[in-house]
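Here's the structure we're looking at; comments come further down.
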Amino acid sequence: MPAQHPCIHSYAEYEDAYRRSVENPEQFWAEVAEPFTWRRKWDSVLKADLVGGHNEWYSGAKLNITENCLDRHLATRGNKLALIWEPNDPKTRQIRYTYRELHQQVCQFANVLLNNGVEKGDRVCLYMPMIPQLAIAVLACARIGAVHSVIFAGFSATAIADRVNDAQATVVLTSDGLNRGPKQIPVKRVVDEALESCPSVRRVIVVEHLGWPVHMQEGRDVWYHEEAQEASKSCPAEEMDAEDTLFILYTSGSTGKPKGVVHTTAGYMVWADYTFRNVFQVQENDVYWCTADIGWVTGHSYLLYGPLLSGASTLMFEGVPTYPDAGRFWEVIDKHGVNVFYTAPTAIRSLMATPLDNVLSYSLDSLRVLGTVGEPINEEAWHWYHTHVGKERCPIVDTWWQTETGGIMISGLAGISPLKPAHAGQPLPGVQPVLLTQEGQEIEGNGQEGYLAIKFPWPGIIRTTYGDHERARQTYFGPYPGYYFTGDGARRDEDGLYRIIGRVDDVINVSGHRFGTAEIENAINQNPHVVESAVVGYPHDVKGQGIYAFVICREPVGKTDAGQVEASIIETIVAEIGKIAKPDKIQLVSGLPKTRSGKIMRRILRKVAEGETSNLGDITTLLDPGVVEEIIQGKK
Ligand code: 6R9
């Protein structure tokens with residue numbers, strides 16, 4: 001029998017674990033790590049550095065994360081379902097893999113990678129649909145010590161190329177096409193276009209999914225199913241160092257290009273498992289469903305690694321919440337008897353907007369725990385979720401965390417912590433949040449608001465940004481040396497529960513996806529009509545935040561041409577980043593509000609976008625206050 005992982009069962013146990021994690025973090029995290037499968041134990045639990053950002057956990061330990069996700073469960077859970085796959089079209093075949101079968105699939109895929117020359121430390125980019133082979137391929141990379149970097153399959157060719165080049169990936173995994181609701185998308189074609197500017201890539205492995213004919217480039221492209229014929233279903237796991245890179249995941253920041261967030265092996269593993277089991281309180285026979293795509297961090301930590309590390313049955317869904325109709329989520333829950341359901345506020349808000357019958361016609365009896373992630377959940381959406389989905393019997397865990405934190409940081413523990421709508425709640429053991437003033441003073445006491453920072457490392461903390469540690473240092477550890485800076489603002493209420501207010505930097509959160517305003521502006525500025533642009537977020541009923549772009553064109557644009565120019569700007573953004581970054585509003589302007597030193601005053605643009613033009617604050621420092629009036633007049 002594998003050693004038992006400690007799990008919190010009551011509020012008193014939470015308080016006790018929290019206290020121990022602060023008083024003696026090294027002993028606490030050594031105990032949590034103990035039951036995993038280690039080839040060699042660590043020399044030191046933690047080397048902390050919240051100034052330079054060089055944090056290390058379990059240094060000297062040797063392990064492979066897939067032995068912990070798969071091999072160690074075989075004796076006790078070999079015939080238990082590990083992965084349940086629900087296709088886009090409810091009438092087509094589901095796929096189910098037991099732990100034993102998933103282990104074989106991962107080994108086989110790992111052998112295909114090895115046979116194609118992939119070595120430990122090589123970067124492999126995955127641009128794939130939400131099909132079992134994506135989960136299998138991610139684990140196959142980890143099995144042989146290759147670094148996986150999953151790129152969400154909605155990004156454009158240019159965005160893929162940026163990421164592949166930054167990671168200097170040698171191999172790309174993709175498929176012939178993907179289903180998204182009623183649409184089919186030729187994924188391989190997008191990859192082909194991207195790879196025209198990616199000299200590092202020497203091999204593309206294509207998984208057949210739609211059965212579409214695709215162009216295969218001689219000497220570079222191979223079919224997975226042909227390669228798999230020769231590949232054995234057993235593959236020893238590569239021995240990895242605790243601090244060897246497990247994956248890179250690109251995420252937007254407030255400046256320039258997305259950065260490659262790096263997570264390493266042991267700390268990430270311990271954190272993903274510990275947070276999963278304690279937050280969701282999953283029971284041995286539960287079916288657990290996280291609706292996130294594996295292209296985002298939530299899919300990494302809570303569709304794949306967390307559940308498999310804990311030996312849970314995890315459901316993976318290929319489709320979208322509204323296909324074939326807006327009852328699909330609830331249909332899937334009834335069909336598979338889902339007990340724990342984890343989704344995003346934006347999905348809840350979009351389903352709330354459809355007739356209530358869509359949800360009321362399903363029993364949802366199996367549900368016991370609900371969760372949300374990605375953005376603040378407004379009270380209305382919280383109550384709808386609690387009443388109509390949870391039938392007032394299921395606790396909701398509102399989980400705050402980030403790509404950079406590797407796993408959940410602030411959240412209730414299901415059925416254990418107090419519930420308060422729109423509040424993430426209390427920190428998990430090991431997490432020491434503080435509120436800072438802009439100058440970096442810690443704000444004491446409850447009923448306070450400030451910049452959210454973390455004052456002690458936790459096992460899942462970002463290790464670096466790929467190829468550029470200085471960027472990580474400046475972004476996360478530079479603003480307030482000695483603290484990890486989150487970029488979020490938060491309020492600590494009278495009871496000490498945290499409510500996340502939103503980003504305090506130039507990051508917009510659209511449907512739970514992060515975009516830097518600079519990133520979208522860079523894309524818009526590629527359009528030949530455009531001289532300059534400024535992008536801000538504004539409140540949006542379904543997406544949380546919408547994208548509002550103010551654009552200055554080269555030539556004055558008449559009313560009749562405006563539509564065409566706007567369409568062309570949208571086309572540019574779709575080509576540079578992808579459809580997910582399409583602005584909700586574009587306003588063509590003749591100037592932008594700038595200070596005398598040439599800085600765009602986004603504060604004013606944000607107010608205009610929010611429609612709050614009666615109180616713009618002090619605009620006397622502007623170079624040309626006249627542009628503000630023009631912008632207000634032209635507001636969409
Ligand atoms: C996991 C994930 C991180 C940003 C984060 C914050 C926002 C995430 C939230 C939340 C309020 C929650 N965010 N969860 N805001 N309540 N429960 O979403 O990672 O894509 O990196 O985004 O999302 O602003 O800083 P990521």
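Both counts, for ligands and for their atoms, begin at 1 and track the order of listing. All residue numbers refer to positions in the sequence shown, counting from 1. Every heavy atom of this structure was used, including side-chain atoms; hydrogens, water molecules and symmetry mates were not.
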Seminar exercise, completed: Near Val297 (heavy-atom distance under 4.0 Å), the atoms of ligand 1 are 1 (C), 19 (O)
For this session: Under 4.0 Å from a heavy atom of Thr298: give me the atoms of ligand 1 that qualify, with their elements.
Result: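 Result: 1 (C).
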For this session: Consider ligand 1: state whether an atom of it lies below 4.0 angstrom from any non-hydrogen atom of Trp401.
Result: yes
Problem set entry | ligand 1 contacted by Gly487 (non-hydrogen, < 4.0 Å) | no
Looking at non-hydrogen atoms alone, which of [options] comes nearest to [atom]?
atom                    : options                : answer
atom 25 (O) of ligand 1 : Val261, Ile377, Asp488 : Asp488
atom 26 (P) of ligand 1 : Thr251, Ile501, Thr403 : Thr403
atom 22 (O) of ligand 1 : Gln402, Arg514, His513 : Arg514

Check ion pair [X]-[Y] (N to O, under 4.0 angstrom):
X      : Y      : result
Arg180 : Glu318 : no
Asp166 : Lys259 : no
Glu519 : Arg514 : no

[X], portion touching ligand 1 at heavy-atom distance under 4.0 Å:
X      : value
Val507 : neither
Ile500 : side chain
Thr399 : backbone

For this session: Would you sort out whether Asp493 and Lys420 count as a salt bridge (Lys or Arg N to Asp or Glu O under 4.0 Å), showing the intermediate values?
Result: CA-CA 11 Å; Asp493 78 359; Lys420 186 165 178 186; 2.7 Å; yes
For this session: Answer yes or no: does atom NZ of Lys257 have more than 12 heavy-atom neighbours from other residues, nucleotides or ligands under 6.0 Å?
Result: no
Problem set entry | cation_pi(Arg491, Tyr498) dist<6.0 Å, angle<=45 | no
Exercise. Starting from atom 12 (C) of ligand 1, which protein heavy atom do you reach first, and at what distance in Å?
Worked result: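 The closest heavy atom on the protein side is Glu375 O, 3.5 Å.
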Problem set entry | Identified side chain to side chain contact (heavy atoms under 4.5 Å, CB included) partner of Thr343 from the options Leu351, Val389, Leu370, Ile348 | Ile348
